[in-house]
Amino acid sequence: MPDKVIFDTAIIGAGPAGLSAAIYTSRALLKTVVIEKVGSGGQAALTDEIENYPGFPEGVNGYELTRKMDEQAKKFGAWFEYGEVNSVSQDGELFTIDISDKSYKARTIIITTGVSPKRLGLPDEEKFIGNGISFCATCDAAFYRNKVAAVIGGGDSAIVEAVFLTKFASKVYVIHRRDQLRASKIVQERALKNEKIEVLWDTVIDSLHGDKKLDALTVRNVKSGALSELAVDGIFLYIGGDPNTKYLSGIGVSLDDKGFIVTDGDMKTNVPGVFAAGDCRSKPFRQVVTAAGDGALAAWSVEKYLEEQEK
Ligand code: NAP
């Protein structure tokens with residue numbers, strides 16, 4: 001049925017930005033389809049504890065929070081479809097969104113496909129993914145009980161997850177390429193006073209070792225050039241994300257030099273009828289609350305755009 005309908009809006013991606021947009025568009029009685037590759041919640045759903053989302057003084061589990069957002073969007077009537085979007089095309093004022101065996105037509109689209117974790121770009125990296133390289137401490141930390149883990153990166157994700165890993169691991173190295181962390185001060189303080197955490201400053205990974213499973217790293221101090229071996233049971237990559245925007249090449253949406261979608265303050269892109277929200281948008285501050293705010297604004301802009309079209 002839904003692939004025969006013309007939706008008022010198709011929201012691509014069901015992280016906090018997409019779910020927030022869906023709550024607002026469906027509550028505004030706009031016919032809404034949310035198209036999601038895996039399952040609702042995005043990166044936020046993989047976060048053990050979110051302690052800065054307003055309304056939760058005790059903190060909230062990311063999966064719980066986004067599950068409620070999903071429930072709220074469905075309560076207002078948003079239609080959910082699951083599948084990876086291959087392409088988006090435009091014919092006049094209608095957009096067609098293609099997933100593997102179906103396509104959807106909509107008068108507007110809201111892009112909320114977030115980011116995918118960046119890779120180091122080292123030989124054998126692919127081979128070790130799932131065999132000692134992880135992108136999700138919340139999912140895999142329990143495998144590190146009394147083991148040694150290393151977290152790569154110095155941003156909020158790396159440092160929050162390093163602290164989380166200390167609940168299980170006997171030792172957690174943080175391998176950071178500079179001599180200063182990027183993470184917020186409160187997060188840094190917690191990590192730096194944790195006795196299980198050792199930060200290897202000015203350090204990058206030169207090579208990965210192991211037969212089937214990763215068991216050691218060669219690390220290099222970028223200031224001295226010194227190489228050393230580090231035995232680890234596994235590493236967690238938190239070196240930022242690449243925007244999931246490649247499937248948009250057919251509609252000419254403006255991207256910045258890193259591939260993030262350029263919008264104005266109302267979440268409008270350069271293409272009339274196309275809006276973007278959340279982490280895939282070019283912006284300086286990425287939080288669950290800002291993603292949810294972006295989503296609400298994008299929904300409002302969609303409503304105004306459709307009203308204009310109908311005049
Ligand atoms: P991020 O802020 O972009 O940090 C990425 C980290 O990885 C940086 O420390 C960066 O080093 C390092 N890095 C990047 N490329 C690298 C490479 N090729 N090799 C080695 N290191 C590399 O990413 P994030 O931590 O995932 O955070 C993304 C956004 O979500 C941020 O806005 C963050 O504040 C937000 N976030 C917030 C929370 C929270 O508030 N609790 C939690 C998670 C995420 P440099 O510092 O040298 O650039």
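Read the numbers this way: they start at 1 and go in the same order the structure lists the ligands and their atoms. Sequence positions, counted from 1, serve as the residue numbers for this chain.
Looking only at protein heavy atoms, the nearest one to atom 3 (O) of ligand 1 is G240 CA, 4.0 Å. The nearest protein atom to atom 33 (C) of ligand 1, hydrogens excluded, is given as D156 OD2, 3.6 Å; this is a heavy-atom distance. Of all protein heavy atoms, the one lying nearest to atom 14 (C) of ligand 1 is I239 O, 3.2 Å. In terms of protein heavy atoms, atom 31 (C) of ligand 1 is closest to R286 O, 3.9 Å. The protein heavy atom nearest to atom 1 (P) of ligand 1 is R182 CD, 4.1 Å. The protein non-hydrogen atom at the shortest distance from atom 37 (C) of ligand 1 is Q287 NE2, 3.2 Å. Taking atom 43 (C) of ligand 1 as the reference point, the nearest protein heavy-atom neighbour is S157 OG, 3.3 Å. Closest to atom 17 (C) of ligand 1 among all protein heavy atoms lies R177 NH1, 3.6 Å.
The closest side-chain heavy-atom distance from E71 to K75 is not below 4.5 Å.
For the atom pair OH of Y104 and CD1 of I99, the computed distance is 4.0 Å after rounding to the nearest 0.5 Å.
Exactly one of K31, R107, K105 qualifies for a salt bridge (charged side-chain N to carboxylate O under 4.0 Å, His left out) with D8. That residue is R107.
The distance criterion of under 3.5 Å between nitrogen or oxygen atoms is met by G154 with respect to ligand 1.
Per-atom contact check: atom 22 (C) of ligand 1 touches the protein, criterion being a heavy-atom distance below 4.0 Å.
Under the 4.5 Å side-chain contact rule for hydrophobic residues, L19 and L297 do not share a cluster.
Taking a 6.0 Å sphere around NZ of K68, one finds it holds 12 or fewer heavy atoms contributed by other residues, nucleotides or ligands.
At a 4.0 Å heavy-atom cut-off, ligand 1 touches N52 through the side chain alone. With a heavy-atom cut-off of 4.0 Å, E51 does not touch ligand 1 at all. Residue contacts with ligand 1 for R178 involve side-chain atoms from C-beta outward but no N, CA, C or O (heavy atoms, distance under 4.0 Å).
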Inset, instruction - May I have the step-by-step check of ring-ring contact (aromatic ring centres under 6.0 Å, His included) for Y144 and F236, ending in yes or no? - result: CA-CA 11 Å; Y144 286 80; F236 289 80; 5.2 Å; yes
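Salt-bridge annotation for K283 and D294: present, with a side-chain N of the basic residue lying under 4.0 Å from a carboxylate O of the acidic one.
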